[in-house]
Structure formats: structure tokens, C-alpha cells
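Here the structure is laid out as C-alpha cells; the discussion comes afterwards.
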Number of protein chains: 2
Amino acid sequence: MAEVLDGEHVHLTADEVHARAVAKLPEISRATVYNTLGELVTLGEVLEVSTDQRAKRYDPNAHRPHHHLVCARCGAIRDVHPSGNPLADLPDSERFGFTVSDVEVTYRGVCPNCAAA
Amino acid sequence: MAEVLDGEHVHLTADEVHARAVAKLPEISRATVYNTLGELVTLGEVLEVSTDQRAKRYDPNAHRPHHHLVCARCGAIRDVHPSGNPLADLPDSERFGFTVSDVEVTYRGVCPNCAAA
DNA sequence: TCCTACATTGGACTCAGTCCAAGTCAAATG
DNA sequence: CATTTGACTTGGACTGAGTCCAATGTAGGA
């Protein structure tokens, strides 16, 4: 089942993952897809991305740290590798006692497609 | 109705906003709260924050640019003002033709409360 | 006073995600 | 080989957040 996501450099919703899974295992249920995605997420194999859209998206590219560029109109997502490490930009005085383990940077804008339309 | 959010430096869900609104205008409906929140968002008076939780949260502090520190356990949110400007860290070559207008940085970690528990 | 325009209501609806009892299968055991 | 056990899967019901819309209420203008 993991193969469904593998090699895809796109960011699918759970339903899209389900649709693809069905192509290979016609009997597979949504519950199983959610279970498996959940596992993959806790294993760190896959990343959950919550955009402004309703549905979460799943990012198979969990191994290379990267950020996301989201189109505010159509919701398209691109991976992006900025320079700089925003974690370093957060001084202790701004941590309020939190144990900060992760940063997630989301750039918002309008993609070329939507800008043209 | 805007007053409900005003002065609150917390990040309420729409339902919490509704609950507070009811305290002042007992007849107010959820639909109205969503309408008003939507307007405030497009006016730029209020910020929508999507965490990993299911419900979006609304941030009344839209005027000072800031980022968020989210507790992965309890979902608590704190405003945070890091140094540095991550927009500048995104070279043109990583913009893929997008018109990038905004960055949103979310630090994830565990808050002191949850760490203690 | 009556009309019109518009915001508000409440309730039905959608959609993503979760839950759970029942079913299925395969490996382990007798 | 037959049976038990345990883990995985199923499908369908359920929940919670958000949206939609027809009906109602209200304010202001003629």
C-alpha cells in the first residue's frame, strides 16, 4: 500500500490516495487508507500538510526537509527549499518554555496558472 | 460583533467565538459568526490559522506580523516574533513563477504544561 | 404606512475524518 | 489436517466543522 504514495511528488488528499489505492487493490476501504496514512505519519515516512482547504494533504517527501508554496486560489502545493533555518531565528526568549522540535514554513501566493486565468 | 474578538489575545475556534458572541447577543447564529469571521478575514482584521486540529482558529492580532508556536499535544497557540524574514530566504529560483505574498511560520513543540504532565 | 433591500436565522446538508462491531485471513498450535 | 488465536480489513454509522439556502426580521426611504 505504501507504494501508492511512493515516487509521487505530489500532495494528495486522503481521498485521492484512496482512489489510487483502489486502482491496485479494488477492495480497499477508506478506513484502511486512513489507518495506513496515520501509521506512515507516525513512522515519519509521510508528512501531513494542513492547508487552508478542508482536507489535509499527505506529502511523501518526508526525508528531505523542505517547505511548501501554496496557491491561495487553487490550493496547488509545491515543495520548496529555502536557504536559512527558521528554527535558529527563534530566540529562547520567544519560546515560552516550549520544547520546540519543528518548524513548518508555508509560503502563500498565486501560482502562474491562476495568475493567468 | 467584532468586539467579541477584540482585545482577546487568544486564538479561538469559530465555535468558541460563537459561544462568546452568544453571551452578548443571545440570538446570534453560527451562520452569522461564520459570515462575520469571513468578512473580517478578507478585511485583514483577523487571521485564519489552521493547525493540525480539526477546527480553524482565528487570530485577532492581525496587525503586527507574527508567527505561531503550537503545542503538538494540547493545541495551545502562542504568538511569537522571531527575528529574520523568511520571505527573503526564498530565492526567485524557488518560486516557480508564483507571486508570493505571504509566509506563515509555525513552530511545533510541546508546551511546558504538557511536558510536565 | 407600505415597500424594498439586506442582514440574520435555523436547520438541512456536505465533506473529511473517526470509530467500531463483524468479517477475513494466515500463522501457530494441537 | 482441523482449530485457535490474533492482527488486519471492511463497511457503514457517526461526529464535528463548515456551508448553503429558503424563510424571516428589520431599517430606512417614499
Side-chain angles (χ1 to χ4, degrees), chain A residues 1-6 8 10-43 45-60 62 68 70-77 104 106 108, chain B residues 1-6 8 10-43 45-60 62 68 70-77 104 106 108:
Chain A
M1 136 98 232
E3 320 87 57
V4 175
L5 274 173
D6 250 6
E8 306 271 4
V10 285
H11 303 74
L12 301 168
T13 62
D15 268 0
E16 286 162 350
V17 173
H18 179 229
R20 303 205 178 200
V22 165
K24 305 204 178 185
L25 291 68
E27 294 291 282
I28 202 169
S29 75
R30 296 193 329 122
T32 307
V33 170
Y34 278 108
N35 288 345
T36 317
L37 283 174
E39 274 171 47
L40 291 174
V41 168
T42 51
L43 287 175
E45 292 298 311
V46 152
L47 240 50
E48 243 182 39
V49 186
S50 35
T51 67
D52 287 348
Q53 323 281 107
R54 290 152 122 292
K56 284 176 191 162
R57 291 167 177 276
Y58 292 87
D59 184 343
H68 294 114
V70 179
C71 175
R73 302 239 184 110
C74 69
I77 306 183
E104 192 193 301
T106 307
R108 286 180 200 293
Chain B
M1 137 96 233
E3 320 86 57
V4 174
L5 274 173
D6 250 7
E8 306 270 4
V10 284
H11 304 75
L12 301 168
T13 62
D15 268 0
E16 287 163 350
V17 174
H18 179 229
R20 303 203 177 201
V22 166
K24 305 204 178 183
L25 290 69
E27 293 292 281
I28 202 169
S29 76
R30 296 194 328 122
T32 306
V33 170
Y34 278 108
N35 288 345
T36 316
L37 283 174
E39 275 170 45
L40 290 174
V41 168
T42 52
L43 288 174
E45 292 298 312
V46 152
L47 240 51
E48 243 183 38
V49 186
S50 34
T51 68
D52 287 348
Q53 323 281 107
R54 291 152 126 287
K56 285 176 191 162
R57 290 167 177 274
Y58 292 86
D59 184 343
H68 293 116
V70 179
C71 175
R73 302 239 183 110
C74 68
I77 306 183
E104 192 192 302
T106 307
R108 285 181 201 293

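The figures that follow rest on heavy atoms only: side chains count, while hydrogens, waters and symmetry mates do not. Just so we're on the same page: letters track the sequence lines, and every chain starts at 1.
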Rounded distance in Å - [atom1] ([X]) to [atom2] ([N]):
X: A:Q53; N: D:dG18; atom1: CD; atom2: P; result: 14 Å
X: B:E16; N: D:dG16; atom1: CD; atom2: C1'; result: 14 Å
X: B:R54; N: D:dG18; atom1: CZ; atom2: P; result: 10 Å
X: B:D15; N: D:dT15; atom1: CG; atom2: P; result: 16 Å

Within the structure, does a side-chain N or O atom of B:Y34 lie under 4.0 Å from either OP1 or OP2 of D:dG18?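 Answer yes for this pair, as a side-chain N or O of B:Y34 is under 4.0 Å from OP1 or OP2.
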
Check every nucleotide of DNA chain C for an atom under 4.0 Å from a heavy-atom of chain A, then give the first and the last such nucleotide from 5' to 3'.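 The footprint of chain A covers C:dT14 to C:dC19.
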
Quick check: on DNA chain C, is the nucleotide nearest B:E27 upstream (toward 5') of the one nearest A:T13, or the reverse? Name the residue that is more 5'.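 The answer here is B:E27.
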
Which is more 5' along DNA chain D, the nucleotide nearest A:E39 or the one nearest B:A55? Just name the residue.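 In this pair, the answer is A:E39.
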
Report yes or no: is there a donor-acceptor pair, N or O only, under 3.5 Å between the side chain of B:R30 and the base of D:dG18?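 A donor-acceptor contact between them is present.
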
Results of side chain to side chain contact (heavy atoms under 4.5 Å, CB included) for [X] - residues two or more places apart only:
X: B:A14; answer: B:Y34, B:L37, B:Y58
X: A:A76; answer: A:C71, A:C74
X: A:N35; answer: none
X: B:E45; answer: B:L40, B:L43, B:H63

So which pairs with a foot in residues 34-43 of chain A pass salt bridge (Lys or Arg N to Asp or Glu O under 4.0 Å), sequence neighbours left out?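 For residues 34-43 of chain A: none.
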
Using a strict 4.0 Å threshold on nitrogen-to-oxygen distance, state whether B:K56 and A:D52 make a salt bridge.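 Salt bridge between B:K56 and A:D52, a charged N being under 4.0 Å from a carboxylate O: no.
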
Regarding B:A31, tell me which of base, sugar-phosphate or nothing describes its non-hydrogen contacts under 4.0 Å with the strands shown.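 Result for B:A31 = base.
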
